[in-house]
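For reference, the structure is listed below as structure tokens.
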Amino acid sequence: MTEHRVKVAVPAPFFHALDYLPGDLELVPGMRVQVPLGRRQVVGVVTAVERTIDDEIRCRPITAVLDNGAPLPADLLSLCNWAADYYCHPLGEVLAAALPAGLRKLPGKAIRRRKSPKALRSPSSAGEALQRAPTPEQAVVLDALAGQPPGFGVDLIEGVTGSGKTEIYLHRVQAAIEAQGQALVLTPEIGLTPQLVERFRQRFGDGVAVFHSGMTERARTDTWQACSEGRCPVVIGTRSAVFLPLPRLALIVIDEEHDASFKQQDGFRYSARDIAIVRAQRAAVPVILGSATPSLESLHNVARGRYRHHRLNARAGAARMPQPRLLDLRNTKLRDGLSAELIDTASRHLAAGGQVLFFVNRRGYAPALLCHECGWLAPCPHCDARLTLHRARGRLICHHCGSDSRVPLRCGQCSSTDLIPVGQGTERVEDALRALYPDLRVERIDSDRARLAGELDRLLADIHSRDIRILVGTQMLAKGHDFEGLTLVGVIDADQALYSSDFRAVERMGQLLTQVTGRAGRGATSGEVVVQTHQPDHPQLQRWLRDGYAGLSRELLEERRLMGFPPFSHLALLRADALDADAAQDFLQKVAALIPGDRSIDKLGPVPAPMERRANRVRAQLLLRSQNRMGLQRLLAELVPQLGSLPGARRVRWSVDVDPIDLY
DNA sequence: AGCACGCCGACT
DNA sequence: GTCGGCGTGCTC
């Protein structure tokens with residue numbers, strides 16, 4: 001007997017959609033439905049409607065259809081399906097990540113009514129007045145972009161900080177809008193870089209929607225709805241915006257494409273940049289990638305002829321990119337991490353009226369507290385890590401698990417009271433600079449400081465008004481901010497990355513150093529950048545100094561090729577952790593045993609994670625590497641759905657990370 | 001994931 | 001004698 005069956009993806013870790021009976025409901029793929037699952041009711045998405053004679057599995061009826069309006073568009077459903085396969089993640093959970101919370105929950109008593117669409121300020125009237133004439137260099141890039149054949153293609157714009165990448169985006173977005181299309185602009189963090197949204201608002205007025213995790217659930221759902229109805233010509237969003245429904249999608253811009261925050265680091269571990277490129281390919285629309293420091297992946301795609309490449313070298317106005325110099329710390333006297341020469345340089349800039357930024361990539365006062373008598377280092381009770389001293393708060397805090405305790409008066413081992421902070425964080429450098437320059441306003445900007453709403457905005461305003469003369473900040477400050485009066489950037493310690501075992505550490509160091517270098521000399525005065533180091537002869541640091549990020553990245557690509565690491569191979573990282581000592585590694589050992597001894601896939605591990613114990617869980621990992629992406633994906637597609645039923649799987653937490661960026 | 005069932009320790 | 005710990009099994 002022939003019957004209709006409906007495949008429904010539910011928010012649970014199943015690798016296949018479940019079957020339900022439609023009854024007399026009219027269903028099409030993409031509709032949200034309420035279905036019974038065990039003894040609860042959940043929201044699922046219809047993925048297919050089939051005629052079937054397979055009666056073997058039990059089948060319950062669909063409770064209700066939840067969409068009064070349009071179903072999830074077919075292109076998005078299909079994109080989510082692709083992503084679920086590529087990242088080996090259950091489709092129902094992928095859809096849950098793609099839909100705003102308001103569409104994932106069962107409706108309450110009140111039926112949500114759609115707001116009537118706002119009248120949009122006409123883009124052209126708002127825009128024309130503020131249109132800047134492109135520089136000759138920008139004009140070359142714009143001509144090249146305008147001359148591309150229609151359809152999919154990726155253009156990477158490698159432009160130094162301040163060279164006007166945003167202006168290029170604005171022109172291409174304008175062209176997309178004029179052709180009645182919608183443009184999607186992805187950015188790493190909206191809260192930290194309000195300038196990008198500002199520039200778009202100046203040009204396109206209320207046509208610009210934003211979408212990010214800081215918005216209320218309600219606002220996100222409304223924006224989702226507006227996008228799906230084609231009411232947003234431009235939407236600027238973070239990672240999850242890659243899943244917004246855009247019926248007239250005409251262009252995708254990915255700003256700061258190298259930025260790690262495009263990769264989700266838990267649950268469904270997707271790369272918004274990579275999904276965006278797949279989406280553009282499927283929708284046959286162009287992609288613009290922009291960065292001062294492109295990822296090695298994108299540069300490799302340029303080298304292979306997959307992406308087109310454009311450069312913007314000139315900075316706007318009179319500003320020149322500073323030539324950084326290294327400051328050899330060996331055998332110099334340091335005061336809270338600051339050398340006398342750096343202090344002299346800073347004093348000179350301050351006396352001349354400039355602003356100075358000290359870049360310290362660590363929060364807190366000091367990354368460790370040491371007993372001077374016996375060598376004890378205050379450890380985190382839950383992790384294989386040292387506690388960070390937050391002196392102003394009088395706390396020792398673990399930056400890995402959040403463990404928080406009072407600063408002890410005595411050594412935990414020998415009871416000595418001679419405890420000294422070692423190393424320096426932002427708070428310590430801030431204190432030192434306050435003592436050195438009591439008459440100047442010194443402020444620290446890091447995530448501890450900017451946690452309060454509006455605090456970051458206030459600080460940024462006081463920087464622009466030159467009220468703040470000296471800034472101490474983490475990489476939070478390295479991104480996107482324009483500080484006209486900033487003439488000196490001092491990097492306190494460039495060496496951390498040079499000691500790291502992570503294969504991407506030097507790439508990230510180069511990106512960070514280049515980004516902070518771009519902070520100096522944005523105004524008329526040429527800037528100065530000083531990098532303190534104990535490794536002044538390190539070849540990669542030297543390479544960066546001589547040939548900039550472009551030279552360093554060429555060298556790093558060559559190194560990756562020789563080592564067989566991405567982008568010259570593909571990685572998937574299986575992680576596991578557990579409360580008992582060996583459970584995670586034993587589990588991954590069983591996983592490894594399931595993988596055929598195929599020459600095309602390297603099994604690296606299982607091994608203990610670089611930080612073996614974290615938040616009281618013992619962690620292990622198994623890295624898979626292959627030259628052949630399809631081969632790796634086929635293996636994972638076969639392997640991953642079995643892992644949950646492996647003996648011991650319930651005793652461990654495990655995850656799969658396709659294209660991992662951090663190997664810890 | 002969420003929720004049941006089920007079989008062993010300390011309490012009104 | 002019960003309340004409740006989390007091990008394991010299942011959800012169309």
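Convention: sequence-line order gives letters A, B, ...; per-chain numbering from 1.
Distance L579(A) CG to dC6(C) C1': 11 Å, rounded to the nearest Å. Rounded to whole Å, atom P of dC12(C) lies 17 Å from atom CG of L27(A). Regarding E93(A), its CD atom lies at a distance of 12 Å from the C1' atom of dG2(B), rounded to whole Å. Put simply, CG on D580(A) is 14 Å from P on dC6(C), counting in whole angstrom units. The NZ atom of K105(A) sits 17 Å away from the C1' atom of dG2(B) (whole-angstrom rounding). The distance between atom CZ of R651(A) and atom P of dG9(C), rounded to the nearest whole Å, is 12 Å. Look at NZ on K7(A): it is 14 Å from P on dC12(C), rounded to the nearest Å. dC12(C) atom P lies 7 Å from atom CG of L18(A), rounded to whole Å.
Judged purely by atom type and a 3.5 angstrom limit, R362(A) has no side-chain atom pairing as donor or acceptor with the backbone of G425(A). Between the side chain of R363(A) and the backbone N or O of S447(A), no donor-acceptor pair lies under 3.5 Å.
Residue contacts shown for P11(A) are absent, as no nucleic acid heavy atom lies under 4.0 Å away.
Residue R40(A) places its side chain closer to dG2(B) than to any other of dC12(C), dG2(B), dG7(C). The side chain of R60(A) sits closest to dC12(C) out of dC12(C), dA1(B), dG7(C).
Across Q34(A) and Q41(A), no two heavy atoms sit closer than the pair NE2-OE1, 3.2 Å.
If you check distances only, the side chain of R650(A) does reach the base of dG9(C) with a donor-acceptor pair under 3.5 Å.
Geometrically, R625(A) engages F565(A) in a cation-pi contact defined by less than 6.0 Å to the ring centre and at most 45° from the axis.
Two residues, F14(A) and R39(A), neighbour DNA chain B, and the one matched to the more 5' nucleotide by heavy-atom proximity is F14(A).
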